[in-house]
Amino acid sequence: MSPSWTDLVEEARLSLQAIADYSENLFNPTLRLGVTGLSRAGKTVFITALIHALLRGGRFPVFDALATGRIARAYLAPQPDDAVPRFAYEDHVRTLAAERRWPQSTVDVSELRLVIEYQRTNGADRTLTLDIVDYPGEWLLDLPLLWKSYETWSAESLALSRHEPRAALAGPWHAHLATLRPEAAADEQATLTAARLFTDYLRACRDERFAMSLLPPGRFLMPGSLAGSPALTFAPLELPGHTMAPDGSLWAMMRRRYEAYRRAVVRPFFRDHFARLDRQIVMVDALAAFNAGPEALHDLQAALTGILDCFRTGRSTLASALFRPRIDKILFAATKADHLHHASHDRLEAILRQMVERAAQKAEFAGAAIDVVALAAIRATREAEVQCGREQLPSIVGTPVAGEVAAGERFDGNSEVATFPGDLPPSPEGLFAAGGTAARAFKGLSHGAEAQADYRFLRFRPPLVAMEGGEAPPLPHIRLDRALQFLVGDRLQ
Ligand SMILES: Nc1nc2c(ncn2[C@@H]2O[C@H](COP(=O)(O)OP(=O)(O)OP(=O)(O)O)[C@@H](O)[C@H]2O)c(=O)[nH]1
Ligand SMILES: [Mg+2]
């Protein structure tokens with residue numbers, strides 16, 4: 001699309017913001033850490049664990065500043081943006097450590113500022129301010145819409161919905177779509193029904209059995225304060241090519257609302273949070289996709305590629321480039337590695353590396369330092385070898401969340417079990433080749449009965465820890481220290 005007046009105003013805003021951030025950074029070294037990830041990827045847990053590590057310490061041998069005792073003090077400070085709610089760190093830690101429950105899915109954006117007083121390796125005392133934003137993962141799906149017309153989005157959404165496993169879930173919406181004529185007069189009731197059926201379809205795709213990732217617009221799934229507003233009442237249409245939307249038509253109305261959504265929802269979200277990042281951790285839950293099947297894995301890859309592309313396109317003005325140099329480090333993290341025996345961690349990393357390869361190459365991250373890590377921000381399991389016939393299976397032991405089911409057994413949330421979730425493929429090639437044969441070779445929940453699925457990664461309760469005078473003790477993790485060293489280690493030297 002050619003730049004519109006709104007695009008130009010937006011670019012001017014981004015530039016002004018970059019200059020303001022630049023001057024603040026001169027006096028008060030600040031790092032805006034982007035925690036990027038689709039819904040349920042593990043963002044809220046990671047942010048909580050990161051803050052807890054800095055406030056409370058623990059075993060972090062690879063995180064140099066903490067391991068060598070150079071962090072004198074870390075404390076939470078008033079956040080910079082008055083209009084954004086504070087990240088509920090204390091609540092999340094209590095829920096995790098005292099109640100052994102994971103935090104609820106995030107429904108709105110929140111922010112936290114952490115000030116770290118540390119000693120440089122040369123002995124000088126310094127301060128680093130870390131700003132972190134948490135938001136519902138669904139909203140991330142909107143970023144690619146920034147540069148997409150209604151017509152393109154409509155065509156892409158329809159094309160996707162015609163492939164399995166989506167096609168089977170799109171029946172009611174497709175049936176209604178067939179009754180709509182884009183050039184007919186705008187009809188509010190028909191639009192409401194289309195938006196409702198389309199949203200039902202997106203929700204069904206997200207179900208853990210299918211675990212589809214590419215489901216824009218994100219606010220249809222997580223509307224926040226916008227539920228029921230016209231900006232959320234539109235849906236794709238089967239459009240004729242090459243013609244314009246007639247005035248007063250259904251098509252024109254849908255397009256107007258889509259534009260309102262981009263203007264009122266997507267642009268501010270991008271401008272306020274993503275255009276300002278210095279560094280990023282991109283969190284990916286590949287195991288949920290393995291549970292669901294090869295289609296989910298491909299869908300996840302496509303969603304990540306679309307999102308990561310936005311970070312390249314989003315920093316185009318001279319001022320924003322001068323005053324806020326591009327993201328200089330990006331860490332791709334395969335989360336929930338505690339669901340696998342450590343013998344499989346290398347495989348998980350290799351799969352993630354392959355999954356984001358294209359995205360990372362295409363994006364401006366070419367100039368940035370990139371790393372890939374399999375981590376568990378909070379480790380909920382331990383390892384054991386379990387005798388199975390003549391074989392010793394590398395297993396993991398944990399307490400499955402109440403209601404989880406495996407091999408026909410439903411867990412009560414109290415008893416510990418040892419499970420063998422399945423070996424990840426030794427080589428990730430083929431998994432991601434178009435129509436890759438290896439991809440076809442594994443079966444997930446989307447293919448049928450749970451017993452036939454090749455992988456079964458259960459959700460475990462957070463670990464049992466002994467509270468210390470009402471305070472949460474240091475929490476177990478896997479490679480959180482490596483992630484912290486990569487993301488902030490050099491700024492604490
Ligand atoms: N075992 C284990 N499970 C984790 C870990 N991190 C996240 N989880 C699981 O993943 C779920 C989602 O984690 P969240 O941190 O809430 O994910 P999110 O990215 O904030 O998700 P949204 O808020 O929906 O965008 C949790 O409820 C846990 O079940 C981890 O380190 N280990
Ligand atoms: Mg969250």
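For ligands, and for the atoms within them, numbers begin at 1 and follow the listed sequence.
Scanning the protein for heavy atoms near atom 30 (C) of ligand 1, the closest one is Ile378 O, 3.3 Å. With respect to atom 22 (P) of ligand 1, the closest heavy atom belonging to the protein is Arg40 N, 3.6 Å. Of the protein's heavy atoms, Asp338 OD2, 2.8 Å lies nearest to atom 1 (N) of ligand 1. For atom 20 (O) of ligand 1, the nearest protein heavy atom (residue, atom name, distance) is Thr44 OG1, 2.7 Å. Nearest non-hydrogen protein atom to atom 24 (O) of ligand 1 is Ser105 OG, 2.6 Å. If you check which protein heavy atom lies closest to atom 8 (N) of ligand 1, you get Lys336 CE, 3.6 Å. Regarding atom 15 (O) of ligand 1, its nearest protein heavy-atom neighbour is Val45 N, 2.8 Å. In terms of protein heavy-atom proximity, atom 14 (P) of ligand 1 is nearest to Gly42 CA, 3.7 Å.
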Any chance you could lay out the side chain to side chain contact (heavy atoms under 4.5 Å, CB included) test for Phe210 and Asp299, step after step, and finish with the verdict? CA-CA 10 Å; Phe210 308 103; Asp299 212 68; over 6 Å; no

After noting the C-alpha distance and the side-chain angles of Arg482 and Asp371, does the key distance pass the salt bridge (charged side-chain N to carboxylate O under 4.0 Å, His left out) rule? CA-CA 10 Å; Arg482 191 174 130 197; Asp371 201 2; 3.6 Å; yes

Hey, mind stepping through Leu215 and Arg206 against side chain to side chain contact (heavy atoms under 4.5 Å, CB included) and telling me if it holds? CA-CA 8 Å; Leu215 303 164; Arg206 188 172 60 163; 3.8 Å; yes

Evaluation steps, side chain to side chain contact (heavy atoms under 4.5 Å, CB included), between Leu340 and Phe457: CA-CA 8 Å; Leu340 286 167; Phe457 296 103; 3.5 Å; yes

For Leu287 and Leu348: C-alpha separation, side-chain torsions, deciding distance, then whether side chain to side chain contact (heavy atoms under 4.5 Å, CB included) applies. CA-CA 9 Å; Leu287 303 181; Leu348 182 59; 3.9 Å; yes

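Short contacts between ligand 1 and Ala376, defined as distances under 4.0 Å to a heavy atom of the residue, involve ligand atoms 31 (O). Residue Leu38 has at least one heavy-atom neighbour below 4.0 Å for each of these atoms of ligand 1: 19 (O). If you number the atoms of ligand 1 from 1 as listed, the ones under 4.0 Å from a heavy atom of Ala380 come out as 1 (N). The atoms of ligand 1 that sit less than 4.0 Å from any heavy atom of Pro136 are 25 (O).
Exactly one residue among Leu480, Asp481, Leu487, Thr68 makes a side-chain contact (heavy atoms from CB on, under 4.5 Å) with Phe63. That residue is Asp481. Checking each of Gln79, His92, Arg113 against Phe87 for a side-chain contact (heavy atoms from CB on, under 4.5 Å) leaves exactly one that passes, namely His92.
Within the coordination shell of the Mg ion (ligand 2), defined by N, O or S atoms under 2.8 Å, Thr44 is present. The Mg ion (ligand 2) has Thr106 among its coordinating residues (N/O/S atom, backbone or side chain, under 2.8 Å).
Residues Glu295 and Met212 are in side-chain contact: their nearest non-hydrogen atoms beyond the backbone lie under 4.5 Å apart. The shortest side-chain heavy-atom distance between Leu55 and Glu471 does not fall under the 4.5 Å cut-off.
Inclusion of Ala41 in the set of residues having an N or O under 3.5 Å from an N or O of ligand 1 is warranted. Here's the thing with Thr106: one of its N/O atoms is less than 3.5 angstrom from an N/O atom of ligand 1.
Here the CG atom belonging to Asp108 is positioned 4.5 Å from the CH2 atom belonging to Trp139, to the nearest 0.5 angstrom.
Across all their heavy atoms, Ser213 and Leu141 have their closest contact at O-CD2, 3.1 Å.
In the candidate list Lys43, His477, Arg379, Lys43 is nearest to atom 18 (P) of ligand 1, counting heavy atoms.
In this structure, Leu375 has no heavy atom closer than 4.0 Å to ligand 1.
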